[in-house]
Amino acid sequence: MTRELTEDPALVRLVEAMLFASAEPLAERDLADRLPPGADIPALLTRLEREYAPRGVQLMRAGSGWSFVTAADLAPMLGRERRIEKKLSRAAIETLAVIAYHQPVTRGEIEEIRGVQLSKGTLDALFEYGWIEPRGRRETPGRPATWMTTDAFLRHFGLATTRELPNLDELRAAGLLDARPAIRVLQPDGGGAEEIPPAAEPLDPDGA
Amino acid sequence: MTRELTEDPALVRLVEAMLFASAEPLAERDLADRLPPGADIPALLTRLEREYAPRGVQLMRAGSGWSFVTAADLAPMLGRERRIEKKLSRAAIETLAVIAYHQPVTRGEIEEIRGVQLSKGTLDALFEYGWIEPRGRRETPGRPATWMTTDAFLRHFGLATTRELPNLDELRAAGLLDARPAIRVLQPDGGGAEEIPPAAEPLDPDGA
Amino acid sequence: MSAVPLRAVAEDDGVADDLAADSLRSDAFVVDVDGWEGPLDLLLTLARAQKVDLRRISIVALADQYLAYVAAARRASLELAAEYLVMAAWLAELKSRLLLPEPPAPDEPSSDAMAAALAFQLRRMDAMREAGKGLMVRPQFGRDFWARGRPEAIPERISVVVKADLGSLLQAYGRHLRRRRGEAPLALSEPVKLDSIEAALSRILQSLGQAPGWESLARYLPEGTLAGVREGSLAACSSLAATFGAVLELARQGIIVLRQNQPFGPIYLKPVSGEGERP
């Protein structure tokens with residue numbers, strides 16, 4: 001008796017539609033509720049499973065429930081690639097520039113040079129883009145890692161080597177170093193910013 | 001070249017999986033995004049449609065969208081909860097029919113065909129269902145908007161295109177879809193029903 | 001426009017009797033409790049009651065039925081929507097023309113053309129009514145067929161493309177270097193004694209009011225301050241700034257008033273209690 005019920009194409013269609021439309025995987029007893037008594041549910045499921053095996057959709061069993069899922073091997077093709085263009089943050093590109101000009105350079109040195117602390121993600125982001133990498137360590141207490149730019153960095157910025165980066169004079173010639181009006185009197189030596197000791201206590205013009 | 005691409009079982013599987021993964025209809029251009037260039041998408045869809053025709057799940061076209069749905073004949077056996085929609089008023093059903101069979105059609109033309117002004121909410125209700133939308137304007141005085149049915153309308157009623165509307169050819173052959181002007185009485189000034197004069201006047205045109 | 005008044009007619013016993021007397025009573029009147037969607041809808045319902053092909057409908061009989069219906073409604077003092085009355089007038093005219101054929105005026109349509117137009121409109125209306133029914137008996141989405149119940153999220157591979165070019169890199173470095181120069185911490189190569197506002201305040205208060213009237217601010221600067229500022233002496237600059245700050249503070253406290261006749265001009269001050277000429 002199960003023989004002809006199993007072969008009944010109407011029942012196969014019904015099971016197929018039920019599994020398709022259901023929001024949840026269906027257990028065999030869920031199917032039994034809506035099939036004529038005596039329907040050989042395991043046989044119907046096996047048949048469907050076999051019919052769908054070569055297709056882009058498969059009948060899959062997860063625990064006690066059955067559901068259709070897209071074939072796993074298609075996942076890479078199904079995935080839509082979405083390109084998001086992102087601009088580097090000001091801090092990131094400046095840090096990248098400092099690394100490019102001062103490499104190899106430690107995190108602490110970058111902070112010293114830039115005069116501000118590096119925020120958490122800045123180096124991580126540059127590393128993730130493949131533009132910098134840690135290479136070697138500074139032989140100072142704590143042996144901090146030193147950072148350098150990568151070949152990917154050179155490719156991205158169209159440089160053959162980091163020596164192609166314009167030097168200070170060239171930057172100045174390009175107008176990239178035009179000094180803003182600065183209060184000269186406060187910087188009597190005019191240079192060696194790196195060696196500047198910690199900032200003095202600011203003046204207290206408001207007084208007590 | 002399209003031949004072998006069409007026959008490529010991998011592409012059929014991919015299209016099948018894409019359509020299966022989505023509950024919403026996909027347009028051919030959505031599919032094209034993830035298929036190799038040159039894939040004959042209409043041929044792939046036709047093949048899938050044919051393969052699924054006898055099954056409990058069918059590939060359905062509604063306007064520009066394609067989607068898998070359960071076979072309509074299984075509805076009674078599926079025992080699914082039917083979405084209870086607010087029952088459409090007779091005015092709304094007739095208005096929907098007028099738009100479907102006469103599109104594109106202006107509000108004034110709908111009123112002319114039905115011989116009555118559209119009550120406030122009728123178009124709104126159909127618009128809210130997503131079944132109609134204003135598309136273009138009639139180049140007549142006042143440039144009234146013209147209404148058309150949507151792909152969602154086609155999908156709801158299981159139509160591939162508006163050419164599949166029931167009895168469309170018979171109605172057209174009988175001249176019943178002609179945009180013949182209404183009898184004069186319904187548009188006394190040659191305009192819309194809005195200009196109907198006060199009741200008393202036309203009843204006794206000979207009176208004092 | 002609503003046909004509610006007509007529904008009232010159909011439901012009112014007295015009027016219903018009238019309707020029966022006018023041999024208007026048909027299933028449609030009783031069954032259709034929704035009312036009519038305008039005069040055409042009512043006409044169509046009446047025409048259908050004739051149970052003949054709409055193409056062979058008797059327009060005269062139809063006009064009679066409609067007019068009787070409207071008359072009944074009026075007898076019952078029910079307010080009919082304007083369009084029903086317009087239609088009644090039109091049908092009355094059509095009927096009289098059909099019954100008493102006479103050549104129409106040149107600018108008027110013939111009675112046959114009028115009847116044909118009405119018949120066409122009824123048939124078209126009927127076709128749309130049926131088309132609407134035809135749509136509604138079709139299998140409907142969400143009622144008779146369903147979409148996939150477990151849609152799968154299509155994975156999206158998001159690849160971030162970072163935009164940066166050599167120009168922006170160099171600009172960033174230039175920006176960095178400029179800032180190093182401009183905003184470098186104050187560097188003092190040797191200890192400098194700086195003036196303070198407190199010192200300037202006591203200095204001013206000590207000698208304030210020794211001379212009556214307006215006095216130049218410069219009088220309150222330590223000796224050699226202006227020359228020192230010109231030479232870039234930090235101490236002199238601090239004296240100038242401290243004195244100016246102190247003077248503003250005294251003005252704020254209402255101890256002195258300040259005056260400057262033009263931008264960058266000399267600043268004058270005098271005690272509030274003091275008298276004197278304007279400088």
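The sequence lines fix the lettering, A, B, ..., with proteins before strands; numbering per chain opens at 1. These numbers were taken from a predicted model, which means no experiment stands behind them.
A donor-acceptor pair under 3.5 Å is formed between the side chain of Gln58(B) and the backbone N or O of Ala53(B). Looking at Gln121(C), its side chain does come within 3.5 Å of a backbone N or O of Glu112(B) through a donor-acceptor pair. Looking only at distances, a side-chain donor or acceptor of Thr150(B) sits under 3.5 Å from a matching main-chain atom of Gly130(B). Between the side chain of Arg124(C) and the backbone N or O of Ala119(C) there is no donor-acceptor pair closer than 3.5 Å.
Within 6.0 Å of CZ in Phe127(B) there are 12 or fewer heavy atoms belonging to other residues, nucleotides or ligands.
If you measure heavy-atom distances from Ala174(B) to chain C, the contacts under 4.5 Å come from both the backbone and the side chain. Residue contact with chain C, scored on non-hydrogen atoms closer than 4.5 Å, is absent for Leu19(B). Heavy atoms of Phe68(B) lying under 4.5 Å from chain C belong exclusively to its backbone. For Arg138(C), the part lying near chain B is the side chain, with the backbone staying farther off; criterion is any non-hydrogen pair under 4.5 Å.
Note: Ala23(B) leads Pro166(B), Ala17(B), Ala23(B), Ser22(B) in heavy-atom pairs under 4.5 Å with chain C. When Arg148(C), Arg150(C), Glu152(C) are compared by the number of non-hydrogen pairs under 4.5 Å with chain B, Arg148(C) comes out ahead. Ranked by heavy-atom pairs under 4.5 Å with chain C, the first of Leu168(B), Leu74(B), Leu159(B) is Leu159(B).
Using a 30° and 60° split on the angle between ring planes, Tyr129(B) and Trp131(B) fall in the parallel class, below 30°.
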